[in-house]
Structures are given as structure tokens and as C-alpha cells.
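The analysis underlying the following values was restricted to heavy atoms, covering all of them including side chains, and did not include hydrogens, waters or symmetry mates. Only a predicted model underlies this, so the values are computations on that prediction, with no experimental measurement involved.
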Amino acid sequence: MTSTPIRDPARELELLDAFRRGDESAFEPLIAPYRSELHAHCYRMLASVHDADDALQDALLRAWRGLGRFEGRSSLRSWLYTIATNTSLNVIARRPRRVLPIEHGPPSEMAPAGPGMPLAESVWIEPYPDGGLALADGAPSPEARYELRESVELAFIAAVQHLPALQRAVLILREVLGFSASEVASVLKTTVAAVNSALQRARKTVAEMLPDRSQQATLRALGDRETARIVTRYMDAMANGDIERVVGMLSQEAAWSMPPLASWYRGAELPSFLALGPLSGLYRWRHVAAHASGQLAVGAYTWHERERAYVPFALDVLTLAGERIEQVTAFIARSADDDPARFATWPDAPPDPARVEAIFVRNGLPERL
């Protein structure tokens, strides 16, 4: 986890006064302690690292323009969250919600032609770098770290995207960030009664969609040694093209999806998918253990003849049910073209620089091996 600047109320007042007196250089150290958590907030609202980047940039520009008028009636943190929340709501209003492939349509049957063409990037939820998580008050307790990571797990992010925008904002501000009902009412310019009503409806919707157990609870129950063993076994089986071993690690109704592809596979279709796709023998794999979205993950690299190196292919985010893998969400980092056959195999498709940055580099993985 990246370190977060510790907040010093006296220093904050000093910087705020300096900015009001015309020292624009005071702005960055003033907002630095809040930057990471505001970015994570925008991500929870928007389910996209790219959209969170843009929303945070827009929010901080608005903050810079309005800081001279900030009167201190609320905390600076609450004021910044007001701006970031409303900026995110503006983004939500002009684009469709993001989903995972398993929500987009029914499971596919593996065809020799492969999984077909990808859909637009703006359709899909993106993984979040664990290193971007931060707390307001310096080093978080173990319990707080788990709660933070639960709030970016793929299942939670997918569930909150189903909420209307107001309910989404209320749930995140109240349940994840701990703002009071009156503070949230102020942020959203509504009443406490409306906030409480929206929270009740949001809780019901999300509870119906979330699994019984979060990934954080599962990982804690397994322990570090067992989770490391699971990741090592997965990487070895994939690197060796051992379909039987890979399938043996999956739950009976396991799902495998590959954003930006809409196709996804479940259960009995998985051996055929593996045999015709990633374990067809057309790829030379190397893998690196990672974490993303508060979950176990594996960076998958393939040998690229033109580059003469192993270059990023996909970040496999693993969702566990006990010791078994219940979902593999493989976020592909390769470039698209107009030839559907390329998406059946992709052994020589070039990496997409933007996806490599978002999916690999920001999750602490190298750009090549």
C-alpha cells in the first residue's frame, strides 16, 4: 500500500491561509493527503480507473478554482468529497453503467472461431490497484485495510453499479467512508430523511447481489500460506498447459471471462475454452503473482516474437470460494484490430500501451519480462 501524507490540522490551516493570500503552490500539499482516497471514491462511483482519473482531475480543478471561497463551515475533507461526488454524478449521468461480462449476457459455447470481437472499453468494470487505497488517518489497522479492500472487490463494485446514482453515492459515503447522514445530505443537497431512505433501498439491492462471503473474509480464513499455494499452483498449471490441473482448481460452476470480450465460459465449457484458447499451445506463458481489486491476481505474459520478450497479455483476477477458484476475470491488455480471428488466439497481437499502464503497471507489475 502506498503511503499517505499524514494530516496535520495546524499545517492544513497554514496552507489554506497561504493559498487565500495568493500562494498557489500551497494547493498541492494541502490536497495531497486526500488525493488517494478521493481517487478510490471516484473509482467506486464509476467502476473505471480511467474515468476516476478524469473525474479526480476535474474535481481538483474545481477545488482549486473554488478554494478561495471555502469558508470552513465543513471540514476540508467533506468539502472535497462534495466536489468529487458531484463530479462523479455528472459522469454517471452521461454514460451507461459498467458491468462484468458475466452480467452482460449468458455464458457462451466455445466455437473454433474463438470468442469473437471485443466490445467498447466503456462497457466494462476495470480492476483497481490495491496500492491506490488509503485511509484518512495514516497507517490503517488490519480491520480497516480489509474493509477498504472489500470496497473495491469486483463483486461489490459490480453490485453498486446497479444502483441509481443517488443511492450509489449515499451507500458509498455512508457505508464505506463513514460520513453521517447529515453530512451526506449536505454533500448531495438533500434531506436526512431522503438519505436514510436511499440508504435503506441501496442496502437491500446490494445485499441481494453480493456473495455470502467477501474475498477478504475468504483470504483471511485461508491464510497467507494457503493463498500463496493456490496462486503458485495456478501459475504452474497455466505455464505448463495442464488443462486437467487448471480445471481441478476450479469450482464446479466456475466462470472465466475476458474483458473487453463479451464472451465468457462456465462449468463444462471450460476445458474446451482452455484447449482452444489460452492453453492451445499457441502461447508461451510466464506469470507473476499480484493483487488487484482487493483480490488475488496473476499477471500473465506471453512471448512476443517481434518484441523478443514476454509482454503483458492479461491480468487474471481470481475470485475464490474456499480453496477453489470460482471466477477468473482476465483483463486483457492487447490491442484490437478488425480481424476476428486474431481474438481467437492473440499470440502476436501487440500490447495496448494504455491497458498495460492501467492493468499492469499500476498494479505493480513490470511492462515486460
Side-chain angles (χ1 to χ4, degrees), residues 1-92 94 126 128-141 144-145 148 151-152 169 172-173 176-180 183-184 186-189 353-354 356-365 367:
M1 180 176 293
T2 56
S3 61
T4 304
I6 297 174
R7 292 171 196 171
D8 179 343
R11 176 63 174 160
E12 188 171 282
L13 288 173
E14 179 184 325
L15 290 168
L16 183 57
D17 184 58
F19 185 86
R20 286 169 172 161
R21 287 186 282 103
D23 182 3
E24 296 181 354
S25 68
F27 181 77
E28 181 55 37
L30 180 64
I31 59 92
Y34 303 96
R35 183 182 286 274
S36 293
E37 63 169 293
L38 289 169
H39 187 270
H41 176 57
C42 293
Y43 169 77
R44 295 182 191 102
M45 291 286 290
L46 302 172
S48 162
V49 175
H50 289 105
D51 286 353
D53 290 344
D54 292 343
L56 179 61
Q57 183 176 3
D58 188 12
L60 292 181
L61 178 59
R62 295 183 186 189
W64 183 82
R65 289 171 174 168
L67 188 59
R69 300 186 299 275
F70 174 62
E71 298 177 351
R73 294 176 181 175
S74 64
S75 67
L76 179 63
R77 179 174 183 258
S78 179
W79 184 73
L80 289 170
Y81 268 101
T82 298
I83 298 172
T85 300
N86 285 288
T87 301
S88 297
L89 289 172
N90 291 340
V91 176
I92 292 169
R94 60 177 183 262
E126 296 172 354
Y128 194 74
D130 281 10
L133 296 173
L135 281 183
D137 300 318
S141 67
R145 286 199 299 270
L148 271 179
S151 73
V152 294
I172 293 170
L173 289 167
V176 177
L177 296 166
F179 284 98
S180 68
E183 287 175 316
V184 175
S186 176
V187 167
L188 299 174
K189 295 181 174 57
V356 170
E357 169 66 23
I359 299 171
F360 277 74
V361 176
R362 291 177 73 158
N363 282 287
L365 290 165
E367 295 186 62

Are Glu28 and Arg35 within salt-bridge range, i.e. N to O under 4.0 Å? yes
Nearest-0.5 Å distance, [atom1] of residue [X] to [atom2] of residue [Y]:
| X | Y | atom1 | atom2 | value |
| --- | --- | --- | --- | --- |
| Asp23 | Leu30 | CG | CG | 11.0 Å |
| Leu16 | Ile31 | CG | CD1 | 13.0 Å |
| Asn363 | Glu357 | CG | CD | 10.0 Å |
| Asp51 | Glu126 | CG | CD | 7.0 Å |
| Tyr81 | Cys42 | OH | SG | 8.5 Å |
| Arg77 | Glu183 | CZ | CD | 8.0 Å |

Going through the distances and angles, do Leu177 and Arg44 end up as a side chain to side chain contact (heavy atoms under 4.5 Å, CB included)? CA-CA 11 Å; Leu177 296 166; Arg44 295 182 191 102; 4.3 Å; yes
By side-chain hydrogen bond (donor to acceptor under 3.5 Å, both in side chains), which residues pair with Glu71, not counting sequence neighbours? Arg73
Is atom CD of Gln57 surrounded by more than 12 heavy atoms (other residues, nucleotides or ligands) closer than 6.0 Å? no
A side-chain contact here means heavy atoms from C-beta on lying under 4.5 Å apart; do [X] and [Y] qualify?
| X | Y | answer |
| --- | --- | --- |
| Phe179 | Val187 | no |
| His41 | Tyr34 | no |
| Asp53 | Arg362 | yes |

Evaluate the criterion side chain to side chain contact (heavy atoms under 4.5 Å, CB included) for residue pair Tyr43 and Val152; output intermediate values, then yes/no. CA-CA 8 Å; Tyr43 169 77; Val152 294; 4.2 Å; yes
Please give me the minimum heavy-atom distance between [X] and [Y], naming the atom from each residue.
| X | Y | answer |
| --- | --- | --- |
| Gly68 | Phe19 | N-CE2, 4.1 Å |
| Ala63 | Leu80 | CB-CD2, 3.9 Å |
| Thr87 | Asp58 | CG2-OD2, 3.7 Å |
| His50 | Ala354 | NE2-O, 4.2 Å |
| Leu188 | Ala169 | CD2-CB, 4.1 Å |
| Pro129 | Val49 | CD-CG2, 4.0 Å |

Derivation of the side chain to side chain contact (heavy atoms under 4.5 Å, CB included) call for Leu76 and Leu67: CA-CA 10 Å; Leu76 179 63; Leu67 188 59; 4.2 Å; yes
Verify side chain to side chain contact (heavy atoms under 4.5 Å, CB included) between Met45 and Leu89, making sure each step is shown before the conclusion. CA-CA 8 Å; Met45 291 286 290; Leu89 289 172; 3.7 Å; yes
Option from Trp79, Phe27, Trp64 for which ring pair (Phe, Tyr, Trp, His ring centres under 6.0 Å) with Phe70 holds: Trp79
Quick one: does any side-chain atom of Asn86 pair with a main-chain N or O of Ala59 as donor and acceptor, under 3.5 Å? no
Got a sec, which residues hit salt bridge (charged side-chain N to carboxylate O under 4.0 Å, His left out) with Arg21, two or more places apart in sequence or on another chain? Asp17
